[in-house]
Amino acid sequence: RSHDSLEASVAHQVSASTSMVGAPQLPALPADESELNEDDNSAFSELRQTVDRNHSWPTAVCMFVGLSMCITVDILQYSMPLAFLPSVLEDRGHAPMTIATAIGVYYWTGFAGGVCITAFQMYKLFIEDPSDKDDVVSVNAARKHVRFLIYGLGLGTVTLMGQALHPHVDMHTGCRFIQGMAGAFIFFYSFLLSVSLFEGSQQTAAMTAASTALNVAEVLGSSLGAWVYDTYGQRAVFWVLVVASVINQLVLIGVMFMIRGSGIYKIPSTSSLSSLTPEAAAQGWNKIKKVLKSKRMACSVILIVMAAIVKASVEEALPFHADHQWGLGPLAIGNLFSVIAVAYITSAILAGRFWDKLHQFRTLFGACWLVLLGLVTCCVFLTVSFWKETYVLVGWLVFYGVCLGLTHTPAALLLADAVEHEKGRAKETVNAIWNTMWEAGGSLGFLLGGLFAENYAGELRLFGVYTICCLVSACAMMWLVGMPRMSKTKDVANVTDSLTAPPTAEKVGNYGAAQTA
C-alpha cells in the first residue's frame with residue numbers, strides 16, 4: 001500500500017483510540033523503511049528500528065565476549081594493583097588511612113555511581129511516556145549504550161596513563177576515584193546489553209559470561225598484577241591495563257557494527273514532562289511500586305547481595321589467614337585463588353548449560369547453593385583447627401569456588417529473567433537496582449573482611465554469622481516465590497510474578513479491539 005494510505009489508516013486508528021476514555025494506546029505499526037521517513041508531520045514522527053536478537057553463534061560469541069571484556073578490564077583496574085600498591089605506599093611512609101583511601105575509594109565511588117544511576121532510572125520511570133511501554137529495543141539506543149561503554153573505558157585509559165606516568169598516592173587516589181565512578185556505568189550498560197541484545201540460550205550464555213568475567217577478574221587480578229610487578233615493575237602494570245582497555249574499545253566498535261535491525265516501527269513523539277499531571281504522577285508512583293514489588297527482582301537481589309558479601313570478605317581475609325595460620329607465601333596464596341577461579345569457571349559454565357532446563361526450580365537451586373556457600377566458607381577457615389594439611393584446605397576452596405559459581409551465576413540469570421519480564425524504562429530500573437545492590441554487598445563485605453582479617457577468632461565469628469544470614473536469605477527467597485510444584489507447563493515461574501507483570505501486547509490488542517467494538 002502507498003505511504004498516503006498508510007498515513008490515513010494510522011491517523012484513523014489514532015483518532016479512534018484517543019476518543020475512548022481509558023482505552024490503551026494502540027501498538028506501533030510495522031512498516032518498511034521505504035514507507036516511513038523521519039521527516040513527516042503525522043502523529044507518528046519518531047523512527048525506531050528494532051534490534052535483531054537472533055544471531056548466529058559465532059556472532060553472538062563475539063558480541064558477548066566484547067561486553068564481558070568491559071567488566072574484566074574494569075575489575076582488573078581495581079584488582080591488579082592490590083598485589084603491590086599497599087606495600088609500595090607503606091614503604092613510602094604513608095599513613096594506613098591514606099593507603100586505605102587510595103585502595104577503597106574505587107568501591108566507594110562505584111557504589112555512589114550506582115546510586116546515581118538508580119535514582120536517574122527511577123526518575124525516568126516516574127515520568128515515562130505511557131506510549132513507550134513496549135518491548136522494542138531500538139538499534140540506535142543499543143549502539144548508544146555501546147558508545148557509553150567506550151567512553152567509560154576511554155576515561156579509564158586516561159587515568160591509567162596518569163598512574164603509569166606519575167605513580168604517587170595523590171594520583172592513585174584521584175584516578176581510582178574516577179575509575180570507580182566510570183565502573184558503575186560500565187557495569188550497568190554491560191549487563192543491560194547482555195540482556196537486550198540476545199534471547200533464549202544466547203542470553204543465558206551472555207549473562208553467564210558477564211558474571212564469570214567479573215568474578216574471575218577479581219580472583220586472578222591480584223596474582224596477575226603481582227607477576228607483572230615482580231617482572232617488569234610498577235609502571236608496567238598500568239601500561240598493561242592501558243593496552244587491554246584500548247583493545248576492548250576496538251572490540252566494542254566491532255560490536256556496534258554487529259548490531260543490526262529486524263524491522264522498523266514509528267512511535268508517537270509526545271512530551272512526558274509537559275503532561276506530568278497529578279494523574280500522571282500517581283501512575284508514575286504506581287510503576288515504581290510495581291517494579292519494587294517484583295518477586296523476580298527481589299530474589300535476584302537477595303541472592304547477589306548475600307553472595308557478594310561472602311565473596312568480598314573471603315577475598316579480603318583469605319590472604320591474611322593463609323599467611324598467619326598456614327605460613328604460605330604470596331605465590332602460594334595466588335595459587336589458592338587460581339584454584340577458586342578454576343572451580344568457579346567450571347561451575348558457572350555448568351549452571352549456564354542447564355539453566356534452561358531448571359524451569360520452576362531456578363529459585364530453589366540458587367537458594368540451596370547459597371546455604372551451602374555459607375557452610376563451606378566456615379569450613380574453609382575452620383580447616384586449620386582440625387587438619388593442618390594444605391590439600392584439605394585446597395579441597396574446601398574447590399568446593400567454595402563451586403558454590404560461588406552456582407550462586408553468582410544464577411543471580412545474574414535471575415536478573416536477566418527479571419529484566420526480560422519488564423516493559424520500557426522498568427527494564428533499566430531493575431538492572432540499575434541489581435547492580436547497585438551488588439556494589440553495596442561487595443563494599444560491605446570488603447569492609448567487614450578487612451576489620452577481622454588479622455583476628456582468627458573474629459574471622460570465625462564473622463563467617464558463622466554469614467552462614468546464618470545465608471540460611472535466612474534462602475528462606476526469604478523461597479517465601480517470596482513458594483516451593484515449586486510439578487506441573488505440565490514448561491515454565492511455572494511465569495505465574496509467580498503475575499500480579500506485578502505488565503499486560504502482554506496480545507491482551508492490550510484484544511482490550512483495544514473490545515473497546516472499539
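Quick caveat: nothing in here was measured; it's all calculated off a predicted structure.
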Look only at the side chain of [X] and the backbone of [Y], and say whether a donor-acceptor pair between them is shorter than 3.5 Å.
X      : Y      : result
Arg53  : Val195 : yes
Ser79  : Ala217 : yes
Ser245 : Val242 : no
Ser300 : Leu414 : no
Lys427 : Glu422 : yes
Arg235 : Leu165 : yes
Asn435 : Asn431 : yes
Thr109 : Phe177 : yes
Gln202 : His55  : yes
Arg176 : Ala102 : yes

Please find the pair of heavy atoms, one from [X] and one from [Y], that lie closest to each other, and give the distance.
X      : Y      : result
Gln249 : Ile150 : OE1-O, 4.0 Å
Trp326 : Trp387 : CH2-O, 3.4 Å
Val430 : Ala418 : CG1-CB, 4.1 Å
Val310 : Cys470 : CG2-SG, 4.0 Å
Ala244 : Val73  : O-CG2, 4.0 Å
Ser347 : Tyr344 : OG-O, 3.0 Å

- Task: Apply side-chain contact (heavy atoms from CB on, under 4.5 Å) to the pair Arg362 and Leu413, showing each step before the final yes or no.
- Result: CA-CA 9 Å; Arg362 293 174 177 176; Leu413 295 174; over 6 Å; no
How many angstroms lie between atom [atom1] of [X] and atom [atom2] of [Y], to the nearest 0.5 angstrom?
X      : Y      : atom1 : atom2 : result
Arg296 : Asp417 : CZ    : CG    : 5.0 Å
Ile247 : Leu153 : CD1   : CG    : 12.0 Å
Asn248 : Thr157 : CG    : OG1   : 9.0 Å
Leu252 : Leu149 : CG    : CG    : 6.0 Å
His408 : Ile304 : NE2   : CD1   : 4.5 Å
Leu471 : Leu375 : CG    : CG    : 8.0 Å

- Qualifying salt bridge (Lys or Arg N to Asp or Glu O under 4.0 Å) pairs with a residue from residues 139-155, counting only residues at least two apart or across chains: none
- Would Leu451 and Leu462 count as a side-chain contact (heavy atoms from CB on, under 4.5 Å) if you check the C-alpha gap in whole Å, the side-chain angles of each, and the deciding distance to 0.1 Å? CA-CA 10 Å; Leu451 290 176; Leu462 177 65; over 6 Å; no
- Item | Working for side-chain hydrogen bond (donor to acceptor under 3.5 Å, both in side chains), residues Thr118 and Thr436 | CA-CA 7 Å; Thr118 302; Thr436 302; 2.7 Å; yes
For [X], is the [atom1] atom crowded, meaning more than 12 foreign heavy atoms sit under 6.0 Å from it?
X      : atom1 : value
Arg353 : CZ    : no
Phe111 : CZ    : no
Phe320 : CZ    : no

- Item | Thr377 and Tyr466: CA distance, side-chain angles, deciding distance, side-chain hydrogen bond (donor to acceptor under 3.5 Å, both in side chains) verdict | CA-CA 9 Å; Thr377 303; Tyr466 283 174; over 6 Å; no
- Message: Testing the 3.5 Å rule here: is there a donor-acceptor pair between the side chains of Thr204 and Ser201?
- Response: no
- Task: Establish, from distance only, whether the side-chain atoms of Gln179 and Gln163 form a donor-acceptor pair under 3.5 Å.
- Result: yes
Taking the side chain as every heavy atom from C-beta outward, state whether [X] and [Y] have any atom pair closer than 4.5 Å.
X      : Y      : value
Gln121 : Phe188 : yes
Leu318 : Ile340 : yes
Phe187 : Leu214 : yes
Asn54  : Phe198 : no
Leu160 : Cys175 : no
Leu370 : Leu303 : yes
Val384 : Leu393 : no
Val402 : Leu372 : no

- Item | Test ring pair (Phe, Tyr, Trp, His ring centres under 6.0 Å) applied to Phe381 - qualifying residues, sequence neighbours left out | His321, Phe463
- What pairs with His172 under ring pair (Phe, Tyr, Trp, His ring centres under 6.0 Å), at least two apart in sequence or on another chain? Phe238
- Message: Parallel, tilted or perpendicular, judged at 30° and 60°: which one describes the rings of Phe399 and Trp396?
- Response: parallel
- Given the rule in the side-chain contact (heavy atoms from CB on, under 4.5 Å) test, do Cys368 and Leu364 qualify, once you have shown the distances and angles that lead to the verdict? CA-CA 6 Å; Cys368 291; Leu364 178 62; 3.8 Å; yes
- Item | Ring-ring centroid check Phe191 Trp438, cutoff 6.0 Å | yes
- Would you please test Tyr106 and Thr173 for side-chain hydrogen bond (donor to acceptor under 3.5 Å, both in side chains) and show each step? CA-CA 8 Å; Tyr106 177 92; Thr173 304; over 6 Å; no
- Test log, rule side-chain contact (heavy atoms from CB on, under 4.5 Å), inputs Val51 and Ser196: CA-CA 8 Å; Val51 168; Ser196 62; over 6 Å; no
